[in-house]
Number of protein chains: 2
Amino acid sequence: MKENLSTIASRTGVSITTVSRVLSGNASKYRISNATAERIKAEAARCNYAPSIVAQNLRKRKTRTIGLLTPSLSNPYFAEMASSIISEVHRRGYTTIVIDTMEDEGNFNEGLTQLVARQVDGIIAVPCGQDHTLVDGINNDFVPVMLVDRYYEDYALPYVTTNNYKGGFDATSLLIDAGHKSIACIQGVRTSAPNNERVRGYRDAMEEAKLSAFEFVAGNEFSIQNGYLETKLLLSRHQRPTAIFALSNNISLGVLKALREARLRIPDDLSLVSFDNYAYMDYMEPPLTRVSQPVEDMAILAAKILFDRIDGLTPGASQLRLSPTIIQGESVGRL
Amino acid sequence: MKENLSTIASRTGVSITTVSRVLSGNASKYRISNATAERIKAEAARCNYAPSIVAQNLRKRKTRTIGLLTPSLSNPYFAEMASSIISEVHRRGYTTIVIDTMEDEGNFNEGLTQLVARQVDGIIAVPCGQDHTLVDGINNDFVPVMLVDRYYEDYALPYVTTNNYKGGFDATSLLIDAGHKSIACIQGVRTSAPNNERVRGYRDAMEEAKLSAFEFVAGNEFSIQNGYLETKLLLSRHQRPTAIFALSNNISLGVLKALREARLRIPDDLSLVSFDNYAYMDYMEPPLTRVSQPVEDMAILAAKILFDRIDGLTPGASQLRLSPTIIQGESVGRL
DNA sequence: AAAAACCGCTCAAACGATTGTGCAATTTTA
DNA sequence: TAAAATTGCACAATCGTTTGAGCGGTTTTT
C-alpha cells in the first residue's frame with residue numbers, strides 16, 4: 001500500500017541507503033553501479049513510490065513550505081495578493097500554508113506560532129495590530145519574515161508596500177484639479193501605517209493647494225460599515241463636501257450604499273475616488289476613479305526577497321514602496 | 001535556541017519520555033509525580049518550548065493538515081469559498097495547504113500528488129478536467145477527498161454543490177416571466193457537471209414555456225473573454241436575443257464589456273441574469289439580477305463531511321446539492 | 001610485490017517526537 | 001513477614017528519511 005525505502009530495499013536486495021541515494025539522484029555521486037540504479041528505479045516506478053515529505057522534513061530540517069498570513073481572503077485585494085504569492089511560491093517548488101487572521105491580532109499571533117511550530121522556511125504576512133515583539137522575535141531567531149502591504153513604521157522588519165503617500169497625494173490632487181475644495185477623507189484603521197501615509201498624502205495635497213481649512217478626515221476601519229456610517233454622518237452635516245476620498249475598496253462600497261440611500265448621484269451630486277482596484281469597479285455606477293496598488297508586483301517582490309533570505313543571500317534594500325497608478329473612471333465631476 | 005524534549009529532559013534531570021508525557025498532558029495517566037510534573041512544566045514554560053509538529057507528524061502518522069485545491073483565488077467566488085473552508089478547518093484545529101490549480105488539470109493532479117506526499121489528513125478539491133482516476137485512487141487508498149462545486153457525474157466521489165439545475169431553471173423562468181422569448185445562454189466549460197446542469201435547467205425552462213425554438217447556447221469557458229466574445233457574436237446575429245443568461249460571474253463581466261462597447265443598455269436594450277453572487281454586483285450598472293450559490297453553507301458542509309470521514313464516522317448522504325437563491329437586481333426588463 | 005586508488009555498497013546515527021513494556025523501590029495486603 | 005500491589009520513572013523501538021564514515025574486494029600505480 002504505502003511504499004517506503006525499506007520495502008523497496010528488501011525487494012531489490014540492497015540497503016535502504018542505496019535506494020535513497022539512487023532515488024534522490026545521487027547514484028553516481030556515491031558510486032552506485034548503473035545496473036543496481038536501474039533496478040531500483042524500475043521497482044520504484046513499478047510500485048509508484050513517492051518519498052514521505054514528512055520524514056524528509058524532519059531529517060533535512062527544512063519543509064519547503066512557507067506560511068502566508070492574510071487578514072481576509074474575502075477581500076478581493078488580499079485574495080489577489082494571496083493568489084499571486086501562492087503561485088510565486090509554487091513556481092519555486094514550495095507549498096503554502098494559508099492562515100486567515102480575520103483582522104484579529106490574536107489570530108495573527110497564534111498563526112505565527114503555529115507556523116513556527118510547523119517549521120515553515122519563511123513567512124509572508126500582512127500584520128494585524130501594532131505589537132511587533134512576537135513577529136520580530138520570530139524573524140530574528142527562527143525564520144525570515146516578510147511583510148506585505150502593512151508594516152511597522154520605524155522598524156527594521158523588511159516589507160513591500162505601495163507608496164501610499166503618493167497614492168493619497170495623487171488622488172487628492174486629482175480631485176483638487178477638478179475644482180473640488182471640500183474633500184472628505186474616510187480612513188481605515190488609524191494605527192495602520194499605510195492608512196496614515198494615505199492620510200498624510202491627502203493632507204499634504206490639501207495644504208499645497210491652500211485648502212487646509214477644508215481638511216476633513218473621519219473613520220476608523222477598512223470596512224463597508226465604516227464607509228457607510230461615516231458617509232451617513234458626512235451627509236448630515238450642514239456643509240456637505242463635494243467629494244469623498246475613500247481609503248479602501250470596502251470603504252467605498254459603504255460610501256456607495258449610503259449615497260444610494262440618500263438618492264445622491266455620482267458624480268453629479270458628489271465625487272468619489274477610491275483606494276484599491278478591482279475589475280468590477282469598471283462596471284459600477286459609475287465606473288470608479290481609483291488608486292490601483294501594484295498587487296502582483298508586490299507579491300513577486302515579497303517572494304523574491306523572502307527566498308533570497310531563505311537561500312542565505314543578503315538582499316539589498318528590503319523596505320520597498322511601489323508606486324500606485326490612478327485608474328480613471330467616471331466618478332469625479334468637474335466643478 | 002530551538003528547544004526540544006531532550007534539552008528539557010537533561011535540564012530537569014528526567015528522561016525524554018517523562019517530559020513528553022507531562023507536556024502532552026498524560027502525567028497522571030503514567031503516574032508521574034506532581035512534583036516532577038510541575039518542575040518540567042515550569043522549565044518548558046521558561047524556555048518557551050513548543051513541540052516540533054514535524055516530528056509529531058512523522059511519529060503519529062497524522063499531520064492535522066488538510067489540502068485545498070482551488071481553481072483560482074482571483075475569482076471572488078472561489079476566494080470566498082476558500083475563506084470559508086480555511087476558517088472551518090481552523091476551527092477544528094487543523095491547518096490548510098492551499099494549491100491554486102489555475103484551472104489546469106496537470107496542476108490539479110500534481111497538486112493532489114504533492115498533498116498525498118505531504119500526508120495531509122484530507123483533501124477538499126474543486127476538480128479540473130474529467131479524468132478522475134488519480135483523485136479516485138487517492139480517495140480509496142490514501143486520504144479522504146471531498147469535492148466542492150464541481151464533481152464527476154455518475155461517480156461515487158462525495159461532493160457538495162449547488163443545485164445548478166434549479167439555478168438554471170429559476171433564472172430562465174424569471175426571464176420568461178418577464179416576457180422574454182429569445183434568451184441566449186452563455187455557458188462555461190462544457191465538460192463541467194455544474195455547467196451542464198445549468199444548461200439543462202435553462203433548456204427545461206424554455207421547453208416548458210414552449211420556447212424550444214428559441215433555445216441558444218454558446219460559449220466554452222468560465223472566463224471574461226468567453227463572455228465578451230460570445231456576446232460580440234450574439235450581437236452580430238441578425239436576430240438579436242432580448243436577454244442573456246450568463247452562467248458565471250466572469251462570463252457576465254465579459255457580457256457587460258461587450259454591451260458597453262456596443263452602447264447597449266441594460267435592461268432597456270437587453271436583459272441579463274448572471275450566475276454567482278458578489279457584493280459588488282449590487283453597485284453595478286445596473287445592479288445585476290443573479291443566482292447566488294450558498295458558498296458558505298457548501299464550505300461548512302464539505303468540511304463537516306470530510307472531518308466525519310477523517311474521524312472514521314461514516315456519513316450518510318454525501319452527494320449533496322444545496323439550493324441557490326435568486327437575488328433581484330435591476331438587470332431584467334419587462335417586455 | 002607492496003602501496004595506493006577505486007569501486008560498490010552497507011552501517012549506524014540522526015532528525016524530535018510517541019508509546020508499550022519493564023524495573024526497582026516503596027507501600028499495602030494477607 | 002512474605003507476597004502482592006502500587007508508585008515513579010526509564011529503556012528502547014518506532015515513524016521514514018538522509019548522510020558521513022567505513023569496509024572488503026578489485027584494479028592501478030610505483
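First the proteins, then the strands, lettered A, B, ... as listed; each starts at 1.
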Measure from the ring center of B:Tyr152 to the ring center of B:Tyr159 and say whether it is less than 6.0 Å. no
B:Gln319 and B:Tyr151: side-chain donor and acceptor closer than 3.5 Å? no
Going 5' to 3' along nucleotides 16-22 of chain C, which nucleotides have protein heavy atoms under 4.0 Å from the base (write B), which only from the sugar-phosphate (write S), and which from neither (write -)? BBBBB--
Between D:dT19 atom P and A:Lys62 atom NZ, what is the distance in whole Å? 13 Å
For B:Tyr49, what residues pass the ring pair (Phe, Tyr, Trp, His ring centres under 6.0 Å) criterion, not counting sequence neighbours? none
Tell me the interatomic distance from A:Leu23, atom CG, to D:dT17, atom P, rounded to whole angstroms. 9 Å
Pair B:Arg118, A:Thr65: side-chain N/O donor-acceptor within cut-off below 3.5 Å: yes
Distance check needed: D:dG8 P versus B:Ile40 CD1, whole Å only. 13 Å
Taking atom C1' of D:dT17 as reference, at what distance in whole Å does atom CZ of A:Arg64 sit? 16 Å
Test side chain to side chain donor-acceptor pair (under 3.5 Å) on B:Asn139 and B:Arg309; report intermediate values, then the result. CA-CA 11 Å; B:Asn139 181 59; B:Arg309 292 225 283 150; 2.5 Å; yes
Using a cut-off of 4.0 Å on non-hydrogen atoms, how would the nucleic acid contact of B:Val54 be classed: base, sugar-phosphate, or nothing? nothing
Please confirm whether the backbone N or O of A:Cys128 pairs with a side-chain atom of A:Glu103, one donor and one acceptor, at under 3.5 Å? no
Find the distance A:Arg39:CZ to C:dC9:C1' and express it as a whole number of Å. 11 Å
Within this structure, what is the CD1-to-C1' distance between A:Ile32 and C:dT10, rounded to whole angstrom? 9 Å
